[in-house]
*Asks:* 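Questions regarding the structure given below will be posed in turn.
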Amino acid sequence: MQKFFSNKKLIILMILIIVTFGLLAVTVNIRDKKSTPPVVQQIGNDVVSVVGGVFAYPTNAVKNATSEFSDLYNTYTENKRLKARIGELAQNQAKLEVVQDENKQLKQELKLNSTLTDYSTVNASVLSRSPSSWQSYLTINRGQTSGIKKNMPVMSGKGLIGRIIEVDKVSSKVELISTNNELNDKFAAEIIGDNKNITGVVSRYDGDTGDLVMENVTSTKSIKKGQSVITSGLGGLTPRGLYIGKVYGIKKDNYGMTNSVYITPAAELRNFTVVTVIKSSVSGEK
């Protein structure tokens with residue numbers, strides 16, 4: 001019984017399709033004849049439009065859906081490509097900034113080297129600098145194979161930044177002039193005066209002001225702000241004439257007994273990636 005009704009539905013559907021196409025053919029035939037009354041032609045046109053719309057709707061729907069999906073996919077692809085491009089531009093910008101910074105520092109090192117005519121020098125890059133000892137130590141990529149030895153002074157930009165304290169085959173450890181290690185070797189220094197140079201020792205770094213502190217000065221009477229401070233060469237560890245910075249001011253200690261000279265460092269002690277190691281006197285090497 002169920003099979004009979006299923007066949008019956010199929011037969012009805014086929015009859016409807018045949019009748020529809022038959023009416024469509026008759027309607028088109030009537031519409032195209034000039035002798036057909038206007039009312040009949042109008043009915044024929046309406047039937048053609050309705051039937052054509054019924055069959056065209058699924059096709060147009062599929063076509064529109066396909067077009068919209070294609071546009072959406074193209075938009076997605078373009079958006080993905082633009083995002084990748086933005087990432088590449090950001091990376092290239094970062095690389096450019098790094099190159100510009102290194103180029104600037106290298107230019108400073110070249111200017112520095114041109115003033116150290118009595119010494120041979122070795123340029124080096126900073127390998128590591130621990131956050132916990134940022135102002136005290138760093139490691140450079142030059143060692144014994146480059147002729148580096150312990151106690152050689154190290155400069156960056158225009159000024160002194162420290163000295164070598166450990167040397168390995170291809171790397172060395174630098175103790176910075178800004179270290180808080182009270183047992184470090186101090187730098188004997190002198191202030192260039194109009195008539196007489198004033199000597200002392202650069203013994204510590206003031207982290208609050210960013211200044212180096214020179215103590216044990218022989219006299220403070222003729223010291224003026226802006227005077228240059230260099231290494232004095234006393235003690236034999238560091239050659240004379242390496243630039244340290246300029247006098248910023250004079251302060252008494254907590255007891256009001258002695259004066260300390262505050263020096264603005266010539267080098268940027270917080271941030272540098274390239275340094276210059278002062279090896280030895282050229283005349284001494286010959």
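The basis for the numbers below is simple: all heavy atoms, side chains too, and nothing from hydrogens, waters or symmetry mates.
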*Asks:* Sort and list the pairs that fulfil salt bridge (charged side-chain N to carboxylate O under 4.0 Å, His left out) and have at least one residue in residues 201-212, not counting sequence neighbours.
*Replies:* Arg204-Glu215
*Asks:* Between atom CD1 of Ile177 and atom OG of Ser136, what is the distance when rounded to the nearest 0.5 Å?
*Replies:*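 Interatomic distance, Ile177 CD1 to Ser136 OG, rounded to 0.5 Å: 12.5 Å.
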*Asks:* Who are the side chain to side chain donor-acceptor pair (under 3.5 Å) partners of Lys246, not counting sequence neighbours?
*Replies:* Ser228
*Asks:* Kindly indicate, with the supporting measurements, whether the criterion side-chain contact (heavy atoms from CB on, under 4.5 Å) is fulfilled by Val154 and Thr276.
*Replies:* CA-CA 6 Å; Val154 182; Thr276 298; over 6 Å; no
*Asks:* Does Val126 have any side-chain contact (heavy atoms from CB on, under 4.5 Å) partners at least two apart in sequence or in another chain, and if so, which?
*Replies:*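 Val126: side-chain contact (heavy atoms from CB on, under 4.5 Å) contacts with Leu138, Phe272, Val275.
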*Asks:* Distance check, rounded to the nearest 0.5 Å: Asn141 atom CG versus Leu127 atom CG?
*Replies:* 5.0 Å
*Asks:* Apply side-chain contact (heavy atoms from CB on, under 4.5 Å) to residues Ile263 and Val213 and explain how you reach the verdict.
*Replies:* CA-CA 6 Å; Ile263 303 167; Val213 182; over 6 Å; no
*Asks:* List for me each residue that meets side chain to side chain donor-acceptor pair (under 3.5 Å) alongside Ser125, sequence neighbours excluded, and say none if there are none.
*Replies:*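 Side chain to side chain donor-acceptor pair (under 3.5 Å) list for Ser125, sorted by chain: empty.
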*Asks:* When rounded to the nearest 0.5 angstrom, what distance separates NZ in Lys279 from OG1 in Thr121?
*Replies:* 9.0 Å
*Asks:* List for me each residue that meets side-chain contact (heavy atoms from CB on, under 4.5 Å) alongside Ser232, sequence neighbours excluded, and say none if there are none.
*Replies:*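 Applying side-chain contact (heavy atoms from CB on, under 4.5 Å) to Ser232 gives Ala188, Glu190, Leu234.
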*Asks:* Do you know which two heavy atoms are closest between Ser146 and Val122, and how far apart they sit?
*Replies:* O-CG2, 4.0 Å
*Asks:* Distance check, rounded to the nearest 0.5 Å: Met155 atom CE versus Leu160 atom CG?
*Replies:* 5.5 Å
*Asks:* Could you tell me which residues satisfy side-chain contact (heavy atoms from CB on, under 4.5 Å) with Ser178, sequence neighbours excluded, listed by chain and number?
*Replies:* Gln135, Leu176, Tyr205, Leu269
*Asks:* Under the rule for side-chain contact (heavy atoms from CB on, under 4.5 Å), what residues qualify as partners of Lys169, not counting sequence neighbours?
*Replies:*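 Counting only residues at least two positions away or on another chain, Lys169 forms a side-chain contact (heavy atoms from CB on, under 4.5 Å) with Gln144.
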*Asks:* Between the side chains of Asn259 and Thr220, is a donor N or O closer than 3.5 angstrom to an acceptor N or O?
*Replies:*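 Side chains of Asn259 and Thr220: pair found under 3.5 Å.
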*Asks:* Measure the spacing between CD of Gln227 and CD1 of Ile198 and express it to the nearest 0.5 Å.
*Replies:* 6.5 Å
*Asks:* Keeping to residues at least two apart or across chains, list the salt bridge (charged side-chain N to carboxylate O under 4.0 Å, His left out) pairs with something in residues 154-163.
*Replies:*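 Listed once each, the pairs would be none.
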*Asks:* Please identify each residue that fulfils side chain to side chain donor-acceptor pair (under 3.5 Å) with Ser222, with sequence neighbours left out.
*Replies:*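 With neighbours one apart ignored, the set is empty.
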*Asks:* Can you list, by chain and residue number, the hydrophobic cluster partners of Ile165 when the side-chain cut-off is 4.5 Å?
*Replies:*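 Hydrophobic cluster check, Ile165: joined to Tyr137.
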*Asks:* Rounded to the nearest 0.5 Å, what separation is found between the CD1 atom of Ile148 and the CG atom of Asp168?
*Replies:* 12.0 Å
*Asks:* Shortest non-hydrogen contact from Ile161 to Ala267?
*Replies:* CG2-CB, 3.5 Å
*Asks:* Sort and list the pairs that fulfil salt bridge (charged side-chain N to carboxylate O under 4.0 Å, His left out) and have at least one residue in residues 125-144, not counting sequence neighbours.
*Replies:* none
*Asks:* Report, as yes or no, whether the 6.0 Å neighbourhood of atom OH on Tyr262 holds more than 12 heavy atoms from other residues, nucleotides or ligands.
*Replies:*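 Atom OH in Tyr262 is packed in, count exceeds 12.
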*Asks:* Run the side chain to side chain donor-acceptor pair (under 3.5 Å) test against Thr264 and tell me which residues pass, sequence neighbours left out.
*Replies:* none
